[in-house]
Protein chains: 2
Amino acid sequence: MSDDGWDTAVAVLRLAAQLIDGIQEGVQRRGFDDVRPAHGFAFVRISTGDATTADVAVHLGITKQAAAQLVGHLVDRGYVERRPDPRDRRARLLVLTDRGWACTAAAKEAATETVGLWKKRLSQSMYRHLATTLDALAEPGRLRPVW
Amino acid sequence: MSDDGWDTAVAVLRLAAQLIDGIQEGVQRRGFDDVRPAHGFAFVRISTGDATTADVAVHLGITKQAAAQLVGHLVDRGYVERRPDPRDRRARLLVLTDRGWACTAAAKEAATETVGLWKKRLSQSMYRHLATTLDALAEPGRLRPVW
DNA sequence: GGCGCCAGACAGTCAGCTTGTCTATATGGA
DNA sequence: TCCATATAGACAAGCTGACTGTCTGGCGCC
């Protein structure tokens with residue numbers, strides 16, 4: 001394997017795919033069959049309690065129109081509620097319902113499960129090394145669909 | 001919060017996004033502005049010289065109709081040619097044109113560049129550790145759009 | 001008050017993928 | 001040899017999720 005980085009690149013993409021598949025499968029297995037991966041990452045932003053639709057758009061790196069559609073989906077299915085923003089009557093604050101919190105928890109559990117599979121296949125020190133290195137490389141910012 | 005794996009999961013997704021963005025940007029910078037990331041991974045399969053449209057579909061994890069559309073795109077733009085398969089008159093073998101090979105090379109260069117940014121930010125031993133670990137975790141198989 | 005800016009809604013469009021169906025060819029068994 | 005079944009690929013129609021453009025209502029600064 002020539003170390004030109006191509007193999008590493010492919011490996012990263014494969015891991016990302018494993019992860020998304022694992023989370024999606026785990027979330028569905030826990031009874032939430034009407035959510036897509038992107039919804040989980042919207043929940044992450046919404047769970048802070050101070051998010052508007054425009055904030056979700058920035059978080060996911062999509063237009064606010066697309067975010068509005070996505071949030072509408074979540075509202076329709078009972079994961080999210082829109083509340084008036086006491087400080088800005090144009091805005092609607094987004095808050096998770098109980099179902100929304102449950103789904104968020106399910107997503108995190110599923111992620112833990114999938115990453116757990118990696119842990120099991122690595123020595124403890126290798127895993128810690130990996131986690132540290134990934135953390136160092138990952139830049140904060142939008143978390144968006146990969147391609 | 002650490003070590004429930006969530007942070008690691010997020011980091012993997014962020015890296016994958018960095019990678020796709022980097023490759024896409026680099027490929028466009030090299031003059032190929034009519035290809036999408038998925039096309040690059042189709043090239044990988046086609047470059048073996050024995051691929052049919054159905055093979056590309058399996059490789060990308062999409063339906064063969066979607067693959068046919070994608071391949072049609074590549075044929076229209078001069079990246080790929082369809083040839084009769086001497087052993088099966090139903091099938092059409094896909095081969096890369098010169099332009100197709102050039103684009104494949106551009107994608108690999110762009111990937112190398114992006115991974116090179118990671119290398120620069122890590123010690124040599126940390127990078128090698130990372131590459132080895134990722135390689136151990138990545139399972140062979142389809143390489144498909146991430147979500 | 002008047003001006004521009006921002007949140008969100010509504011309408012229209014488009015790309016990419018899906019399912020369903022069809023023809024032509026291949027393959028294996030009675 | 002003939003027929004049943006499977007496969008490669010083409011064509012058609014429809015869906016989803018993204019996009020741009022436009023509009024209203026509320027904010028905030030001068």
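Atom set for the values below is all heavy atoms of this structure, side chains included, hydrogens, waters and symmetry mates excluded. Bear in mind the structure is a predicted one, so any value in this text is a computation, not a measurement. Each chain gets a letter, A, B and so on, in the order its sequence line appears, and its residues count up from 1.
- Phosphate proximity of D/dA10 to B/R92: present, with a side-chain N or O under 4.0 Å from OP1 or OP2.
- If you check D/dG17, D/dG9, D/dA8 against the side chain of B/R90, the one that comes closest is D/dA8.
- Side-chain contact, B/D55 with B/T52: a donor N or O sits under 3.5 Å from an acceptor N or O.
- Rounded to whole Å, atom P of C/dG8 lies 14 Å from atom CG of A/L70.
- Rounded to an integer number of Å, the gap from A/K64 NZ to C/dC5 C1' is 10 Å.
- Relative to the side chain of B/T52, the nucleotides D/dA10, C/dG8, D/dG9 differ in distance, and D/dG9 lies closest.
- For B/I62, whose side chain is taken as the heavy atoms from C-beta onward, the closest listed nucleotide among D/dA10, C/dT18, C/dT25 is C/dT18.
- Atom pair A/D34:CG and D/dC15:P shows a separation of 19 Å (rounding to whole Å applied).
- Out of C/dA26, C/dA9, C/dC17, the shortest distance to the side chain of A/A68 is found at C/dA9.
- Nucleotide C/dG8 holds its P atom 8 Å from the CG atom of A/D88, rounded to whole Å.
- Heavy atoms from other residues, nucleotides or ligands lying under 6.0 Å from CG of A/D76 number more than 12.
- If you check distances only, the side chain of B/Q69 never reaches the base of D/dG9 with a donor-acceptor pair under 3.5 Å.
- Applying the 4.0 Å criterion to OP1 and OP2 of D/dC19, one finds that A/T63 has a side-chain N or O inside that range.
- Nearest heavy-atom pair across A/R45 and A/A51 is NH1-CB, 3.6 Å.
- For D/dA8, neither phosphate oxygen OP1 nor OP2 lies less than 4.0 angstrom from any side-chain nitrogen or oxygen of B/R89.
- In this structure, NE2 of B/H73 is placed 11 Å from P of C/dC17, rounded to the nearest angstrom.
- Out of D/dG17, C/dA9, D/dG9, the shortest distance to the side chain of A/R36 is found at D/dG17.
- Taking atom CD of residue A/Q65 and atom P of nucleotide C/dC14, one finds them 17 Å apart after rounding to whole Å.
- Counting non-hydrogen atoms under 4.0 angstrom, B/A66 reaches a base of the nucleic acid.
- At whole-Å resolution of the value, CG in B/D55 and C1' in D/dT7 are 12 Å apart.
- A heavy-atom distance below 4.5 Å is found between the side chains of B/R29 and B/E113.
- Distance, A/L93 CG to C/dA7 P: 12 Å, rounded to whole Å.
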Run the side-chain hydrogen bond (donor to acceptor under 3.5 Å, both in side chains) test on B/T104 and B/Y79 for me, step by step, so that the C-alpha distance in whole Å, both residues' side-chain angles and the decisive distance to 0.1 Å come before the verdict.
CA-CA 10 Å; B/T104 303; B/Y79 291 103; over 6 Å; no

